[in-house]
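Labels below follow one simple rule: chain letters A, B, ... track the order of the sequence lines, proteins then strands, and each chain is numbered from 1.
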Amino acid sequence: MELAKGTAEIQVGIADYKVAHSPHRLITLGLGSCVGVALYDSVAKVGGLLHIMLPDSTQFNNVTKPAKFADTGIPLMIDHIKRQGGNPNRLTAKLAGGAQMFSGLDEKFVLNIGQRNAQMVREILKKIGIRILAEELGGNRGRTMIFDTSNGQVTIRTIGSPLKVI
Amino acid sequence: MSEHRQLTETHLDVLKEIGNIGLGNAATALATMVNKRIDMAVPQSKFLSMDELMDIIGGLEEVVSCVSLRLEGDVPGQILFLFNIKSTFNLVDMLMGMEQGTTQELDEMGESVVKEIGNVLTGSFLSAIGTMTGLNLIPTVPMFATDMLGAVLSTSLVAGGYVEENILMIETLLFEDQEQIKGHFFLITEQDSLKTLFSSLGLTL
């Protein structure tokens, strides 16, 4: 998880995060029930993009990838942004994902993980005191999230819909 | 799930064979349904991370349809069938007796056709394994999604509780001669399920 280099889009995998300075763009593909968290310091023009899968790491005994969970991933990324010259007090957030992808009757199985992810991310950001500027959460479509660290804009790509900038 | 590491080559070969027998039966069922010859590749049985799994199938933004269901009974686990979107449309056309290329998007009818295919494939897979092992394998109602691969697959695995770094799975490719149908099948298992499965075949774990 080094500071990403190069000018092209920097890809953020599932259960991972990357931090970059302007003018780099961070991209994470195919968010379903997962939630993408973009944090941005508009003065230092540095930001991070996190792709979490689950809300709560305390439910698991053996956490090898803290970026997989909302509760551990967000503080981890904030710390990294700080080390890269960002001021935690200036950070703002944009969120996407948390969809309910599957249609079916097996509710026990589905247990709307997307909704729980979204809820947890909101709670944690509130606790830390980071304002959410925009969000594209819920629904039943997968989303790709492209975060431009030169201006803080987040572009959302979905199948069968035009691009949306938040 | 690190205990999976105890598996030997023999165990993995047995899992492959299970894939072979189960999917062979499923491929025959699908061939009968669509009245085409359906082939299958030799199954693979291995540990994969979620990233590796995605790489096998295609890009994260590739549009796929996915039938996903949970296995209950003696061998809890999860079954996934994934078809790329073109194959999905072709399957619907074949099953509905329409000319190839008619279906361009999935309406409710198309969705239930794909779910039904998932049902038939799963049913024939499980009945072959059940006969072989004498175990009781119960599929749940299939769930369906069609969207970006990354979104569909990650959601499905998370919902099934498969969030570990390495997932043991049996993977098989189903395909039709002219490449009109190409699908992936995955059986994802758990440690306890494997023990039951192996002991039913006289192997210990």
Q78(B)/S68(B) under side chain to side chain donor-acceptor pair (under 3.5 Å): CA gap, chis, key distance, verdict: CA-CA 7 Å; Q78(B) 193 174 356; S68(B) 163; 3.2 Å; yes
Counting distance only, does the side-chain N/O of T72(A) pair as donor-acceptor with the main-chain N or O of K68(A) below 3.5 Å? no
Any side-chain donor near an acceptor of the partner, T146(B) and S65(B), under 3.5 Å: no
Partners meeting side chain to side chain donor-acceptor pair (under 3.5 Å) with R90(A) (sequence neighbours left out): D41(A)
What class does the angle between the rings of Y17(A) and H80(A) fall in, given that below 30° is parallel, 30 to 60° is tilted and above 60° is perpendicular? perpendicular
Applying side chain to side chain donor-acceptor pair (under 3.5 Å), run through S87(B) and N84(B) and close with a yes or a no. CA-CA 5 Å; S87(B) 300; N84(B) 66 32; 2.8 Å; yes
Are there residues of residues 142-166 of chain A whose heavy atoms fall under 4.5 Å of chain B's heavy atoms? If so, which? G142(A), R143(A), T144(A), R157(A), T158(A), I159(A)
Ranking A145(B), G59(B), G150(B) by heavy-atom pairs under 4.5 Å to chain A gives rank one to A145(B)
Let me know if V63(B) has heavy atoms under 4.5 Å from chain A in its side chain, its backbone, both or neither. side chain
Which bit of E105(B) is near chain A, if near means a heavy-atom gap under 4.5 Å: side chain, backbone, both or neither? neither
For a quick test of reading the model, state the closest non-hydrogen atom pair linking I79(B) to F185(B) and the distance between them. CG2-CE1, 3.7 Å
Among G30(A), G32(A), G13(A), the residue with the most heavy-atom pairs under 4.5 Å to chain B is G30(A)
Heavy-atom contact with chain B under 4.5 Å, split by part of Q11(A): side chain
Verdict with reasoning, S57(A) to D71(A), per side chain to side chain donor-acceptor pair (under 3.5 Å): CA-CA 7 Å; S57(A) 68; D71(A) 64 334; 2.8 Å; yes
